[in-house]
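Everything below concerns the one structure shown next.
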2 protein chains.
Amino acid sequence: MNIAEVARRSGLPPKTIRYYEEIGLIRPARSGNGYRAFAEADLHKLAFLGRARSLGFSIEECRTLLALWEDRARASADVKRIARQHLSAIDAKIAELEGMRATLANLVSCCAGDDRPDCPILADLAGEATS
Amino acid sequence: MNIAEVARRSGLPPKTIRYYEEIGLIRPARSGNGYRAFAEADLHKLAFLGRARSLGFSIEECRTLLALWEDRARASADVKRIARQHLSAIDAKIAELEGMRATLANLVSCCAGDDRPDCPILADLAGEATS
DNA sequence: GATAAGGTTTCCAGTTACGGGAAGGTCAAG
DNA sequence: CTTGACCTTCCCGTAACTGGAAACCTTATC
């Protein structure tokens with residue numbers, strides 16, 4: 001399998017696949033012409049990586065998850081711990097964004113949005129007490 | 001005012017303040033010894049930037065907001081448009097994270113998390129139908 | 001005047017996870 | 001044999017800083 005087909009079947013861009021090889025996530029074989037020769041196993045790993053990435057796992061987390069996936073003697077507790085940590089990180093990020101959202105939504109609703117210069121959004125950013 | 005005091009009063013690290021000068025967000029004067037000599041106006045700009053950044057505005061959005069803030073002939077509509085766009089981006093990001101969160105929370109709750117290898121999290125990432 | 005501590009400067013490199021684009025080798029069709 | 005579609009490597013750029021090195025300035029102390 002050449003890279004274009006793997007890209008199509010895995011949903012990952014060729015650039016990303018080459019990058020994953022560069023950082024050691026996959027090790028596809030090489031044909032005589034220097035082209036990467038992907039096996040089905042490589043494709044499965046890439047699909048795994050694509051799904052893990054789409055859940056927001058970092059590359060390093062993906063590396064660990066991939067290693068656990070390939071380790072028949074793994075303990076599911078190790079996987080669960082990583083997933084829970086990531087879940088916490090997601091929750092923290094959501095909370096941060098919700099905070100921003102609340103403030104911003106309030107400011108936006110207070111702004112006339114016309115051609116006059118008076119603007120509660122800028123006033124808030126400037127540190128003027130809104131009270 | 002030297003950079004350390006401005007950092008203390010604005011809440012921004014010295015490194016960030018230098019960076020903001022480098023990209024043209026501020027233009028502090030210089031003393032004879034080469035040190036940056038910050039005026040109160042610089043401090044206010046930095047505080048403005050700190051608040052805008054904490055609401056998630058990008059540097060380029062901050063640049064625009066700062067220009068609007070300094071433009072007495074601005075229309076509040078211009079500010080509101082930027083804020084609304086950013087609000088949409090935040091909502092999109094939250095939605096994306098909520099999606100991840102839902103999937104992950106489900107997988108985590110299904111995983112025994114013991115010393116056995118069976119793991120629905122890995123099974124899902126591997127693409128096995130959960131049925 | 002020498003020295004040491006602490007603040008300041010610039011510059012360079014690294015971070016995350018790729019994407020764009022150049023220069024050049026390879027393969028299948030006509 | 002040429003054309004066009006692949007493939008390869010290599011290097012730069014992204015956002016918004018952070019860390020660290022080497023060197024200069026200031027102030028206090030001896």
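In what follows, every chain begins at residue 1, and chains take the letters A, B, ... in the order their sequences are listed.
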When you look at A:K93 and A:E98, which way does the salt bridge (charged side-chain N to carboxylate O under 4.0 Å, His left out) test go after all the steps? CA-CA 9 Å; A:K93 190 72 188 170; A:E98 296 281 18; over 6 Å; no
Could you give the angle between the helix axes at the two ends of the helix from C:dG1-D:dC30 to C:dG30-D:dC1, with five pairs per end, rounded to 10 degrees? 30°
Could you list the residues that satisfy ring pair (Phe, Tyr, Trp, His ring centres under 6.0 Å) with A:Y35, not counting sequence neighbours? none
Have a look at B:C111 and tell me which of B:I121, B:N106, B:D118 forms a side chain to side chain contact (heavy atoms under 4.5 Å, CB included) with it. B:I121
Between C1' of D:dA5 and CZ of A:R8, the distance in whole Å: 16 Å
So, are B:D91 and A:R101 salt-bridged, with charged N and O less than 4.0 Å apart? yes
Closest non-hydrogen atom pair between B:A37 and B:D42, with its separation: O-OD2, 4.3 Å
In residues 14-36 of chain A, what residues come within less than 4.0 Å of DNA chain C, judged by heavy atoms? A:K15, A:T16, A:Y19, A:Y20, A:N33, A:Y35
Which residues pass the ring pair (Phe, Tyr, Trp, His ring centres under 6.0 Å) test with B:F38, not counting sequence neighbours? none
Counting only heavy atoms from other residues, nucleotides and ligands, does the tally under 6.0 Å from CZ of A:R27 exceed 12? no
Does B:E21 form a salt bridge (charged side-chain N to carboxylate O under 4.0 Å, His left out) with B:R18? I'd like the steps, not just the answer. CA-CA 5 Å; B:E21 179 187 14; B:R18 293 194 190 97; over 6 Å; no
Tell me, please, the opening and closing nucleotides of DNA chain C, 5' to 3', among those with an atom under 4.0 angstrom from a non-hydrogen atom of chain A. C:dA17 to C:dC27
Establish, from distance only, whether the side-chain atoms of B:D114 and A:S76 form a donor-acceptor pair under 3.5 Å. yes
A:L46 versus A:L12, closest heavy-atom pair with distance: O-CD1, 3.5 Å
Within the structure provided, determine whether A:R36 and A:M1 are in side-chain contact (heavy-atom separation under 4.5 Å). no
On a heavy-atom basis, the closest approach of B:M100 and A:L55 is SD-O, 3.5 Å
Close approaches to DNA chain C from residues 45-70 of chain B, in residue order (heavy atom, under 4.0 Å): none
